[in-house]
Amino acid sequence: MSTLFLRTLREDPADAEVPSHKLLVRAGYVRRVAPGIYSWLPLGKIVLENVAKVVREEMNAMGGQEVLFPALLPRDFYEATGRWTEYGDTLFRLKDRKGNDYLLGPTHEEMFTDMVKGEYSSYKDYPVTLYQIQTKYRDEARPRAGILRGREFVMKDSYSFDLDDEGLKRSYENHRAAYIRIFERLGIDVKICFATSGAMGGSASEEFLAPAPTGEDTFVACRTCGYAANAEAVTTPAPAAFTGEREALKVLDTPDTPTIDTLVAYMNEHHGLNITGADTLKNVVVKVVTPGVKEPETLVIGVPGDREVDFKRLEAALAPGEPAIFEAGDFARHPGLVRGYIGPQVLKELGIRYLVDPRVVDGSEWVTGANEPGKHAAHVVAGRDFVADGTIEAAEIRAGDACPVCGSDLSIDRGIEIGHIFQLGRKYADAAGLDALGPDGKPIRITMGSYGVGVSRAVAVMAEQRHDALGLAWPREVAPADVHIVGTGKENQIEIATQIAEELEAKGLRVLLDDRAQVSPGVKFKDSELLGLPTVLIVGRGIANGVVELRDRASGDRSEIPLAEAVQKVLEACA
Ligand code: ATP
Ligand code: MG
């Protein structure tokens with residue numbers, strides 16, 4: 001440490017909100033360059049490489065072969081699949097000196113497909129799985145939390161190429177098993193969640209979410225049947241349609257009812273109804289910008305009034321369209337939409353698309369806006385008084401909602417997406433015309449899977465899941481070193497510490513030695529806690545009595561051991 005390029009900080013960086021960001025900066029692992037763009041310092045670089053090593057070993061073990069693509073890519077490949085446009089503002093686009101369009105790769109499906117097409121032609125060549133560990137670029141709308149959501153980040157992306165659906169399933173299962181091993185070795189606790197609504201019961205796409213209170217993803221889990229899904233993918237069981245008689249629609253005065261609660265109270269008190277918030281239909285207007293389309297679309301979403309629209313679920317449901325808030329100025333341009341009193345009764349007439357929560361089945365009856373200030377309508381019946389253009393999963397999910405598989409109560413938690421496995425099918429093979437010549441001389445269209453691990457994000461996730469008030473606590477497999485030997489004091493402690501370090505290195509351990517002469521013991525201890533190496537050996541004042549102190553960073557256990565046994569005990573602790 002007397003020569004290590006490292007400066008630890010006592011203060012949290014001003015822009016950091018989550019623990020991993022604060023600690024990785026304070027411990028001198030990473031430094032910010034620009035929003036979502038970070039440099040790696042020596043200790044951080046070692047951790048990053050160690051993560052990559054674990055990922056690489058497990059990918060090789062499952063039969064993957066490593067390749068490396070450029071990050072700087074010409075436009076045509078992404079034009080052919082529509083993603084040059086579809087990716088919208090998230091894509092970093094640039095021009096070369098001749099004015100040709102380029103991009104910085106956000107993910108590489110197109111390139112892998114093209115590479116396989118160039119090399120392989122016969123059915124005998126397949127299956128094959130290729131991967132790379134490479135830097136990706138995405139101009140994220142909300143870069144966040146240091147390296148957790150960067151605009152430049154390291155990803156392991158792999159792609160499987162198979163002749164048929166069974167082959168794809170096998171490749172997918174192999175990846176799933178490899179990912180389980182990867183995250184086990186990294187000491188990252190993960191929950192495997194369905195990632196698309198189509199995946200119900202199947203496994204077309206799953207995300208590996210690392211539970212963490214600071215996570216941006218919300219996931220549900222069912223303790224009864226084991227169902228787990230990203231909230232974005234949770235499907236709402238629809239009640240049966242109602243076919244009996246309903247009262248006629250009635251427009252009612254509802255003065256001073258700015259909220260659902262006040263509306264419900266007023267309706268029950270003054271108009272003889274007996275409703276709750278769940279009987280009201282709340283209509284939220286958004287404008288949806290679709291990449292490649294000039295004019296944003298005005299869209300109304302109908303959800304039961306006791307639930308908010310969950311913007312992340314809405315975004316997932318509308319992708320690649322991007323919803324935005326409907327502002328006062330937008331309302332001014334749409335006088336037919338009476339703010340606070342929107343009812344679906346007029347939307348057809350206004351030519352505005354209307355999507356409803358799956359609970360809004362035909363025959364269901366609602367209290368909703370009457371499209372006049374101060375008035376609401378009761379007995380508004382779906383299918384009779386309005387017809388929606390479709391359903392949308394956009395209402396918030398709550399703890400206690402029914403599991404879509406078994407009906408038990410769902411729990412709800414937050415997590416960080418650390419991996420994603422996805423049965424792509426033939427989309428990219430279709431775009432590139434990727435075929436294998438079959439045994440009968442006929443072409444077979446290849447089917448693909450794509451699989452990602454956030455390598456740099458994993459560093460943040462480990463920090464997020466494994467830290468305390470004092471600092472980080474790395475799992476041994478990725479720690480910058482196995483043992484941190486801290487020599488403190490004015491006598492010959494540093495000399496002894498250096499000797500122990502040399503002996504341990506000779507035995508194959510990776511050692512970080514604090515041999516700084518002018519630094520106080522207090523500062524050295526603080527640094528060792530902040531840096532978070534799994535085993536710490538203190539060679540300090542105890543030397544006078546022939547003892548040193550062995551510390552376990554994660555458990556906090558401390559024990560005094562005879563100096564003569566130090567090497568042996570450290571080896572045992574690091575085994
Ligand atoms: P998110 O929903 O978090 O934006 P994504 O679904 O867009 O991620 P994928 O395209 O599935 O991400 O990428 C594969 C993996 O790469 C993710 O599971 C995640 O671990 C990592 N990753 C994605 N975006 C970022 C980012 N901006 N910074 C760091 N890692 C990322
Ligand atoms: Mg993903």
Side-chain angles (χ1 to χ4, degrees), residues 18 20-21 24 30 32 34-38 40 48 51-52 54-55 59 71 78 83 86-92 104-110 112 131-159 172 175-176 178-179 182-183 186 188 190-196 199 204-212 214-219 229-233 311-313 315-317 319-320 322 414-424 428 449-465:
V18 308
S20 61
H21 186 189
L24 288 170
V30 298
R32 180 181 180 279
I37 304 178
Y38 283 77
W40 297 82
L48 181 66
V51 173
V54 167
V55 173
M59 288 311 298
Y78 288 73
R83 290 214 288 188
E86 245 178 51
Y87 241 105
D89 290 340
T90 305
L91 197 64
F92 277 106
L104 295 177
T107 170
H108 280 67
E109 279 79 359
E110 285 84 349
F112 276 82
Y131 75 95
Q132 64 174 344
I133 295 174
Q134 188 237 22
T135 303
K136 300 277 188 257
Y137 296 86
R138 295 182 185 177
D139 197 357
E140 299 276 357
R142 294 175 285 273
R144 183 182 161 263
I147 55 170
L148 206 48
R149 180 174 296 285
R151 297 196 295 163
E152 175 180 291
F153 58 96
V154 181
M155 193 202 289
K156 184 285 297 176
D157 51 329
S158 47
Y159 306 85
Y172 181 90
H175 270 91
R176 196 175 192 272
Y179 277 30
I182 288 170
F183 297 125
L186 295 181
I188 297 177
V190 288
K191 188 90 186 163
I192 305 177
C193 297
F194 287 120
T196 61
S205 172
E206 288 166 296
E207 285 171 353
F208 289 69
L209 297 185
T214 50
E216 283 181 279
D217 283 278
T218 305
F219 68 95
N230 192 313
E232 290 172 9
F311 226 70
K312 280 204 82 182
R313 266 165 64 75
E315 275 174 341
E322 290 166 17
R414 302 189 74 80
I416 301 163
E417 182 187 324
I418 185 67
H420 192 173
I421 53 178
F422 190 34
Q423 296 185 27
L424 277 179
Y428 293 91
S450 96
Y451 317 87
V453 170
V455 173
S456 51
R457 180 178 284 185
V459 175
V461 167
M462 287 184 290
E464 207 61 38
Q465 283 189 344

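Just follow the structure's listing: the first ligand is 1, and inside any ligand the first atom is 1.
- Taking NE2 of His420 as the reference point, atom CG of Leu209 lies at 9.5 Å (rounded to 0.5 Å).
- For Ile418, a nitrogen or oxygen atom sits less than 3.5 Å from a nitrogen or oxygen atom of ligand 1, counting backbone and side chain alike.
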Next on the checklist: Quick one, Phe112 with Asp157, criterion side-chain contact (heavy atoms from CB on, under 4.5 Å). Give me CA distance, side-chain angles, the key distance, then yes/no.
Outcome noted: CA-CA 10 Å; Phe112 276 82; Asp157 51 329; 4.0 Å; yes
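- Tyr451 and Tyr172 have tilted rings, their planes meeting at an angle from 30° to 60° on a 0 to 90° scale.
- Contacts between Thr107 and ligand 1, counted as non-hydrogen atom pairs separated by less than 4.0 Å, are absent for every part of the residue.
- With a heavy-atom cut-off of 4.0 Å, Met155 touches ligand 1 through its side chain alone.
- Arg138 contributes atom CZ, which lies 4.0 Å from atom CZ of Phe153 (distance to the nearest 0.5 angstrom).
- Remark: Glu216 engages Arg144, Arg149, Lys312 in a side-chain contact (heavy atoms from CB on, under 4.5 Å) (not counting sequence neighbours).
- The side chain to side chain donor-acceptor pair (under 3.5 Å) check on Glu110 picks up Thr81, Arg83, with sequence neighbours excluded.
- Every atom of ligand 1 is numbered from 1 in the order shown, and the set under 4.0 Å from a heavy atom of Arg138 is 5 (P), 7 (O), 9 (P), 10 (O), 12 (O), 13 (O), 23 (C), 24 (N).
- For ligand 1, one of its N or O atoms has an N or O atom of Arg149 under 3.5 Å away.
- Proximity of Lys136 to ligand 1, defined as any heavy-atom pair under 4.0 Å, is not found for any part of the residue.
- Considering every non-hydrogen atom in both Pro211 and Phe219, the closest pair reads CG-CZ, 4.2 Å.
- Using a non-hydrogen distance threshold of 4.0 Å, Leu148 registers as a contact of ligand 1.
- At a 4.0 Å heavy-atom cut-off, ligand 1 touches Glu140 through the side chain alone.
- Here the CD atom belonging to Gln465 is positioned 7.0 Å from the CD1 atom belonging to Ile416, to the nearest 0.5 angstrom.
- Using modelled atom types and a 3.5 Å distance limit, the side chains of Asp139 and Tyr137 yield no donor-acceptor pair.
- Applying the 4.0 Å criterion to heavy atoms of Gly150 picks out, from ligand 1, the atoms 26 (C), 27 (N), 28 (N), 29 (C).
- Ligand 1 has an N or O atom lying under 3.5 Å from an N or O atom of His420, backbone or side chain.
- In Arg457, the part holding a heavy atom less than 4.0 Å from any atom of ligand 1 is the side chain.
- Residue contacts with ligand 1: Gly452 is placed with no nitrogen or oxygen under 3.5 Å of a nitrogen or oxygen of the ligand (distance criterion only).
- Judged by the shortest distance from any of its heavy atoms, Gly419 lies inside the 4.0 Å radius around the atoms of ligand 1.
- Nearest-residue assignment for atom 2 (O) of ligand 1 (options Lys312, Glu417, Arg142, Arg144; heavy-atom criterion): Glu417.
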